Amino acid sequence: MTEGHWHVTFCIYRKKGDQPPFYQDFPLEVDPDEYVLDGIERIWAFHDRSLTFRHACHHSTCGACGMLVNGVEKLTCITPIRAVTKNGGTIRVEPLRNFPVLSDLVVDMAEFYLRMEQAHALQVVPVAQSTLPYEPPPFPDDGLPHQRLNDCIECGMCVSACPIALTASSYQGPAALAATQQTYSLTGEKSLLSLVDCADGVWRCHSGFECTAVCPSNVDPAWRIMELRRQVIRHRIQRIFHQDR
Amino acid sequence: MKNNQPAPGKALRWFDPRHRQPGTWAFILNRITALGLTLYLALHLIMLGKLAQGPDAYDTFIALAKTPWIKVGELLVISAGLIHGLNGIRIALTSFGIGVTVQRQLFWGFLTLALLGTVIFGYFMFFVH
Amino acid sequence: MPGIQPKAREGAFLWLIKILAGLSIVIVLGIHFVVNHLVAPEGLLNYSDVVRYYQNPWVVTMEIFFLITVVTHALIGIRSILLDLNPSDSLLSIINLILAVAGVGAVTYGIWLALEIASRGQ
Ligand code: SF4
Ligand code: FES
């Protein structure tokens with residue numbers, strides 16, 4: 001169902017080493033049903049081999065391709081060009097916010113991954129155990145066995161979208177807090193609560209709900225942060241009555 | 001390699017509503033009104049000190065407070081109070097896990113109430129009293 | 001690379017106080033507003049009205065309670081905004097001191113003022 005080809009301009013953030021960043025335009029002929037990542041790969045393949053960006057799976061599983069597309073966090077491998085521009089339009093691609101830029105579109109996620117590890121983020125959580133407050137979408141009625149997983153793919157887009165992460169580098173961030181809530185609700189491990197009951201943890205959130213809006217994986221970090229607050233308060237109150245904990 | 005990192009100097013970008021969701025609009029409104037109301041609280045406390053100086057000082061001050069421009073300022077304070085207070089209820093509710101899934105609707109609802117309240121107060125201030 | 005290092009700074013306690021103070025403000029401010037600006041025939045009370053109003057001990061109690069909650073909520077809120085700017089520990093202790101002095105000062109001044117006005121009636 002393609003309607004011929006579109007002419008769009010990719011306006012890409014470039015940054016190497018200590019040089020100042022700049023934007024570089026790449027006019028491209030694309031199929032509007034291609035994904036933004038396809039365009040970026042094409043630029044790398046045919047126009048500029050020095051362009052760096054991260055990607056792996058091409059199907060929203062690895063979480064590597066998160067970027068800022070026209071100012072909004074997107075997994076570029078599943079974002080159709082049609083959804084972010086029009087024929088003759090521009091697609092501005094920038095690295096995620098709130099992470100140091102290593103080169104062009106590649107950001108340094110090392111500390112983010114470390115925090116996920118400290119939060120004991122679980123690799124795989126079936127939707128049935130995901131504790132979200134609403135029903136997951138129904139499975140297709142095709143007689144095949146289905147199992148839906150509710151996983152943070154560690155793309156970092158929630159941290160990029162968070163207005164608090166903009167100024168407070170020590171804020172643990174939505175992904176790590178969401179992971180803590182998920183792990184705590186399945187394991188009941190109390191030490192997780194003391195990790196987040198602090199200024200840089202659940203109490204730093206100011207309810208912007210941006211994380212939930214950009215999360216590509218239905219983790220709903222904002223809801224989980226609120227839920228984690230409840231669990232922290234509940235635990236605190238319990239501790240008043242049972243000194244032994 | 002230090003660019004693009006979180007930095008306190010980026011605080012002004014808190015107030016940039018572009019590409020943001022209603023949650024952030026609420027956050028922006030809440031923060032601006034918070035700062036404004038704190039300033040007002042300080043001024044209010046200082047001005048009430050006129051009471052201690054006796055009837056003349058205070059009643060002159062009240063006469064000044066009834067001039068239209070001061071009234072507009074007061075209406076702004078009332079509006080800020082309504083926005084901050086009603087959105088505060090939204091934040092308190094969602095912080096206890098209540099209504100998180102309808103936080104957008106709560107935002108629009110409370111904002112409407114705040115604007116309505118402002119109109120009502122404005123009507124009383126300018127046309128009744 | 002520090003990862004997560006929990007620091008006390010703002011725990012559940014301060015946060016709960018902020019929320020509870022906020023909620024009581026919503027209630028008391030409602031009463032305060034209606035009395036001071038709608039019931040008062042001239043829109044704003046004049047001096048003798050204020051003094052008469054403060055003869056009621058419940059009013060004095062309510063206004064002082066209101067003062068304390070507002071100042072508390074405002075200062076914890078300001079501190080919370082400053083915390084978003086990631087201050088160093090030493091800077092934060094200075095901030096804490098300034099806010100505490102401002103808070104105690106404002107509350108003391110306000111209570112003195114309320115009692116002073118109340119005493120004018122006799
Ligand atoms: S919570 Fe969502 S947005 Fe954040 S890292 Fe995980 S998958 Fe990405
Ligand atoms: S390339 Fe793996 S999520 Fe996009």
Side-chain angles (χ1 to χ4, degrees), chain A residues 13 15-21 68-73 92 94-103 107-108 111 132-134 159-171 173 202-203 205-214 220 222-231 233-234, chain B residues 1-38 80 83-111 113-114:
Chain A
Y13 179 97
K15 161 99 184 153
K16 298 287 185 202
D18 291 332
Q19 288 156 24
L68 218 54
V69 178
N70 287 341
V72 182
E73 286 74 12
R92 178 181 278 251
E94 296 162 288
L96 291 184
R97 296 178 272 201
N98 310 336
F99 292 97
V101 172
L102 294 175
S103 163
V107 294
D108 183 355
E111 176 151 9
L132 282 172
Y134 37 78
V159 174
S160 172
C162 174
I164 301 309
L166 196 62
T167 52
S169 54
S170 54
Y171 177 38
V202 282
W203 309 115
C205 169
H206 290 289
S207 316
F209 295 97
E210 293 287 337
C211 47
T212 290
V214 299
D220 203 340
W223 180 83
R224 289 184 187 280
I225 293 173
M226 301 307 162
E227 183 61 21
L228 196 52
R229 281 181 174 173
R230 256 206 347 208
Q231 281 152 346
I233 297 267
R234 186 184 305 140
Chain B
M1 229 174 62
K2 283 282 174 203
N3 63 343
N4 204 40
Q5 259 168 322
K10 293 185 176 173
L12 274 184
R13 291 201 214 161
W14 284 336
F15 304 108
D16 183 353
R18 286 175 301 167
H19 309 303
R20 293 292 196 185
Q21 306 285 319
T24 297
W25 301 340
F27 162 73
I28 293 174
L29 281 174
N30 224 50
R31 194 142 279 201
I32 294 175
T33 51
L35 294 171
L37 287 169
T38 308
I83 292 173
H84 193 90
L86 289 169
N87 187 52
I89 294 178
R90 164 177 166 272
I91 293 179
L93 285 177
T94 53
S95 292
F96 288 106
I98 303 164
V100 182
T101 49
V102 291
Q103 55 91 9
R104 279 161 201 265
Q105 290 87 329
L106 283 177
F107 169 64
W108 292 121
F110 280 137
L111 193 64
L113 275 184

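On a predicted model such as this, the values are computed, not experimentally measured, just so you know. A note on names: the letters A, B, ... follow the listed sequences, proteins ahead of strands, and every chain is numbered from 1.
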*asked:* Restricting to ring-ring contact (aromatic ring centres under 6.0 Å, His included), what partner residues turn up for A:Y13, sequence neighbours left out?
replied: A:Y23
*Examine whether an atom of B:R18 lies under 4.5 Å from a heavy atom of chain A, and if so say whether it belongs to the side chain, the backbone or both; otherwise answer neither.*
neither
*Quick one: of B:D16, B:T24, B:N30, who has the most non-hydrogen atom pairs under 4.5 Å with chain A?*
B:T24
*Answer with side chain, backbone, both or neither: which region of B:A26 has an atom nearer than 4.5 Å to a non-hydrogen atom of chain A?*
neither
*Side-chain contact, heavy-atom cut-off 4.5 Å: A:W223 with B:V100?*
yes
*Say whether A:K16 and A:S103, considering side chains only, have a donor N or O and an acceptor N or O under 3.5 Å apart.*
yes
*asked:* Taking side chain as everything from C-beta outward and backbone as N, CA, C, O, which of these in A:I225 sits under 4.5 Å from a heavy atom of chain B? Side chain, backbone, both or neither.
replied: neither
*asked:* Donor-acceptor pair, distance only, cut-off 3.5 Å: does the side chain of A:N70 make one with the backbone of A:R92?
replied: yes
_Choice from A:N98, A:V107, A:V159 maximising heavy atom contacts with chain B below 4.5 Å_ = A:N98
*asked:* Heavy-atom pairs under 4.5 Å with chain A - which of B:I28, B:T94, B:I91 has more of them than the others?
replied: B:T94
*Interchain contact, B:Q21 with chain A, by part (heavy-atom threshold 4.5 Å)*: both
_Closest-packed option against chain B by number of heavy-atom pairs under 4.5 Å, given A:E210, A:R97, A:E227_ = A:E210
*Look at the side chain of B:N4 and the backbone N and O of A:L96, then say whether any donor-acceptor pair between them is shorter than 3.5 Å.*
yes
*Which residues satisfy the side chain to side chain donor-acceptor pair (under 3.5 Å) test with B:S95, sequence neighbours excluded?*
A:R229
